[in-house]
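The structure appears below as structure tokens.
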Amino acid sequence: MQVKATEPATRLLRAWQLAVLRFAVTLDDDDRVHVLGVAGEVDRLGGASGDAFHFFRRTTAELCAAISAEGTDQDAVIQRFLAQLDNPRLRRAFEAAITKDRTPPKIVTSRLKPRNDLCRGLPSRRTGT
């Protein structure tokens with residue numbers, strides 16, 4: 001029955017990781033506040049009273065600063081987080097989100113141009129009366 005006792009903690013930890021990923025994708029302040037809130041919930045699972053246990057809040061603040069390119073030793077903080085991700089899909093998604101080159105895919109940029117050759121190659125209609 002020990003597995004069931006850690007199930008909520010595991011789910012909350014996964015929610016924290018996904019919240020970090022969401023912040024890495026959006027870089028939005030609302031997502032930063034959300035991930036800090038989830039980190040506070042994970043810290044409360046530690047059972048310590050008061051502010052004695054604030055590992056996840058501190059780690060989240062460092063990680064958000066590193067993702068936003070505001071913190072010191074950004075690469076080390078990000079690499080430490082990546083090393084702790086046990087899910088390969090989550091790790092790849094996070095790596096893609098933090099890449100320096102965030103250009104839109106070519107398919108999206110090509111849709112922005114008007115297509116003047118839309119009917120080229122189609123047979124002409126015959127209008128017969």
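On a predicted model such as this, the values are computed, not experimentally measured, just so you know.
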Looking at residues at least two apart in the chain, or sitting in another chain, which of them share a ring pair (Phe, Tyr, Trp, His ring centres under 6.0 Å) with Phe81?
Trp16, Phe94
Would you give me the side-chain donor-acceptor pairs under 3.5 Å for residues 27-35, sequence neighbours excluded?
unit_1: Asp31; atom_1: OD1; unit_2: Arg22; atom_2: NE; d: 3.0
unit_1: Asp31; atom_1: OD2; unit_2: Thr26; atom_2: OG1; d: 2.4
unit_1: Arg32; atom_1: NH2; unit_2: Ser68; atom_2: OG; d: 2.9

If I compare all heavy atoms of Ile98 with all of Ala24, which pair ends up nearest, and what's the gap?
CG2-CB, 4.1 Å
Under 3.5 Å, sequence neighbours excluded: what are the donor-acceptor pairs made by side chains of residues 82-90?
unit_1: Asn87; atom_1: OD1; unit_2: Arg89; atom_2: N; d: 2.9
unit_1: Asn87; atom_1: OD1; unit_2: Leu90; atom_2: N; d: 3.4

Partner set under salt bridge (charged side-chain N to carboxylate O under 4.0 Å, His left out) for Arg80, not counting sequence neighbours
Glu62
Nearest 0.5 Å, what's the CG-CG distance between Leu45 and Leu12?
5.0 Å
Does a side-chain N-to-carboxylate-O contact under 4.0 Å join Arg91 and Glu95?
no
Under the side-chain contact (heavy atoms from CB on, under 4.5 Å) criterion, do Val20 and Ile67 qualify, and how do the steps go?
CA-CA 9 Å; Val20 171; Ile67 292 169; 4.1 Å; yes
Contact summary for Leu36 and Ala61, nearest pair of heavy atoms:
CD2-N, 4.0 Å
What are the two closest non-hydrogen atoms of Ala15 and Val38, and how far apart are they?
C-CG1, 4.1 Å
